[in-house]
Asker: 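Take a look at this one; I'll ask things after.
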Number of protein chains: 2
Amino acid sequence: MASGDLTLSILGLLGEGPMHGYELKARIHRLSGHLRPVSDGALYPAITRLEKSGLVERHEEEGAGAARRQVLTLTDAGRAELLRRLREPADLDISDQTRFFGLLTFLSQLPRRADRAEVLRRRLAFLETPASFFYEEDRPLRAEEVPDPFHRGMLLIARATGDAEKRWLRETLAELES
Amino acid sequence: MASGDLTLSILGLLGEGPMHGYELKARIHRLSGHLRPVSDGALYPAITRLEKSGLVERHEEEGAGAARRQVLTLTDAGRAELLRRLREPADLDISDQTRFFGLLTFLSQLPRRADRAEVLRRRLAFLETPASFFYEEDRPLRAEEVPDPFHRGMLLIARATGDAEKRWLRETLAELES
DNA sequence: GCTAGCATGTAAACGGTTACATGATTAG
DNA sequence: CTAATCATGTAACCGTTTACATGCTAGC
């Protein structure tokens, strides 16, 4: 889990309703766990940090299976922070696909349609900027121009990915703006 | 730059020839810098670690522009470590696209064709395993089944990406095996 | 005289990984 | 009775981010 992602995931999931740490762990695991499992050593300290900064509240409850549960609820400040992170994502959240997907997972929680559209517009603008992994004197090289077969693959895949995503972004923006 | 990536990038670039830290920084920046710029505070300590573990050697040289340069060269142990990382990548390097691209960037340096093919085969096997970001009782959901428009986008994009990559992997494997 | 680029470094704060630790309940 | 699942936590280690620090040369 890339830095910062975990906090957004916790806030985003709690934005859908209160739950305890163990359930957060299971939900995060389903969302992105095949890539990078959440460890207890990351999750529980992250919850403690959120509690200390007043974004999350704890209420002890009897465990369904066994032990006592710490049911977590977003405070008003926590919800405000979640919406702020969704409305004004960092550049890195826009440029890195994994992180952008983290945003998309919870974007429906942004109440204003115009705010949701603006996030998609930023991603589209990023994808429309010419870029490559390889350059010749600052000119981005296209797949056809690189001799290394694996480099060519990277560019072919990146192009297909970018095209698919741009198509979806344009369609979805058209719907949001209608 | 996700953890571990930086070390591979340094080893991989030095595998193409000796260079000093500042040039490494510029080359890494072109490869992935639009996503996550390399900071000096990550790069120079990483070089020091590689030197201490005997994977890299330093030779001082006069700087072309100004200051003295520390030209870095891979040792035999360093080249062995680079090849080991390319030949036997961690699961995370196979499952995360960003990390897999890090592998592809340097994969041509693997001398044995069979080893290069094996890395592609592992990635293909991962992509052929059914997976989703969303589940209903452990069954991965398809784009058509999820109501949230942003979740649907994630699945549509992931499918297009996966299809393009699988096509390229199969073609390239066929060439490598002929 | 100043700014941009070349070139290398250190230190504090932060967060993640891995391993360790505990304890209760349920199903085989 | 014992393994799996539920449930939460701590501590050492490691690497990254951010900020700070230095100093030289070339062009305006």
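Note on naming: letters A, B, ... go to the chains in the order of the sequence lines (proteins, then strands), and numbering restarts at 1 for each one.
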Asker: Please state how far atom CG in Leu72(A) lies from atom C1' in dG9(D), giving the value in whole angstrom units.
Answerer: 14 Å
Asker: Please report, rounded to the nearest Å, how far the C1' atom of dC6(C) is from the CZ atom of Arg27(B).
Answerer: 17 Å
Asker: Any idea which heavy atoms bring Arg116(A) and Leu107(A) closest together, and the distance?
Answerer: CD-O, 3.6 Å
Asker: Does Arg68(A) make a side-chain N or O approach to OP1 or OP2 of dA7(D) shorter than 4.0 Å?
Answerer: no
Asker: Nearest whole angstrom, please: distance from the P of dG9(C) to the CD1 of Ile47(B).
Answerer: 7 Å
Asker: Please report the distance, rounded to the nearest Å, between CG in Leu43(B) and C1' in dT18(D).
Answerer: 15 Å
Asker: Nearest to the side chain of Arg49(B), which nucleotide is it out of dG15(D), dA7(C), dA7(D)?
Answerer: dG15(D)
Asker: Rounded to the Å, how far apart are Glu23(A) CD and dT5(D) P?
Answerer: 17 Å
Asker: For the side chain of Tyr44(A), starting at C-beta, report the closest nucleotide among dA7(C), dT18(D), dA7(D).
Answerer: dA7(D)
Asker: Could you state the CD1-C1' distance from Ile28(B) to dA7(C), rounded to the nearest angstrom?
Answerer: 15 Å
Asker: Between His20(B) and Gly41(B), just flag the one whose closest nucleotide in DNA chain C comes earlier from the 5' side.
Answerer: His20(B)
Asker: Under 4.0 Å from OP1 or OP2 of dG9(D): is there any side-chain N or O of Arg58(A) that close?
Answerer: yes
Asker: Taking the side chain of Leu6(B) as its heavy atoms from C-beta onward, which of dT16(D), dA7(C), dA7(D) lies nearest to it?
Answerer: dT16(D)
Asker: Return yes if some donor-acceptor pair links the side-chain N/O of His151(B) with the main-chain N/O of Thr105(A) below 3.5 Å, else return no.
Answerer: yes
Asker: Could you check whether atom CG of Asp91(A) has more than 12 heavy atoms from other residues, nucleotides or ligands sitting under 6.0 Å from it?
Answerer: no
Asker: Nearest to the side chain of Tyr22(A), heavy atoms from C-beta on, is which of dG16(C), dG9(D), dT8(D)?
Answerer: dT8(D)
Asker: Under 4.0 Å from OP1 or OP2 of dT17(C): is there any side-chain N or O of Ser39(A) that close?
Answerer: yes
Asker: Grab the NZ-C1' distance between Lys25(B) and dG5(C) for me, whole Å please.
Answerer: 10 Å
Asker: Does a salt bridge link Arg112(B) with Asp115(B), judged by any charged N lying under 4.0 Å from a carboxylate O?
Answerer: yes
Asker: Report all side-chain donor-acceptor pairs from residues 11-18 of chain B shorter than 3.5 Å, counting only partners two or more places apart or in another chain.
Answerer:
residue  : atom : partner  : partner atom : Å
Glu16(B) : OE1  : Arg27(B) : NH2          : 3.0

Asker: Reckon Gly21(A) touches a base, only the sugar-phosphate, or nothing at all at heavy-atom distances under 4.0 Å?
Answerer: sugar-phosphate
Asker: Picking from dA7(D), dA7(C), dT10(C), which would you name as closest to the side chain of Pro45(B)?
Answerer: dT10(C)
Asker: Send over the distance from Asp5(A) CG to dG16(C) C1', rounded to a whole Å.
Answerer: 12 Å
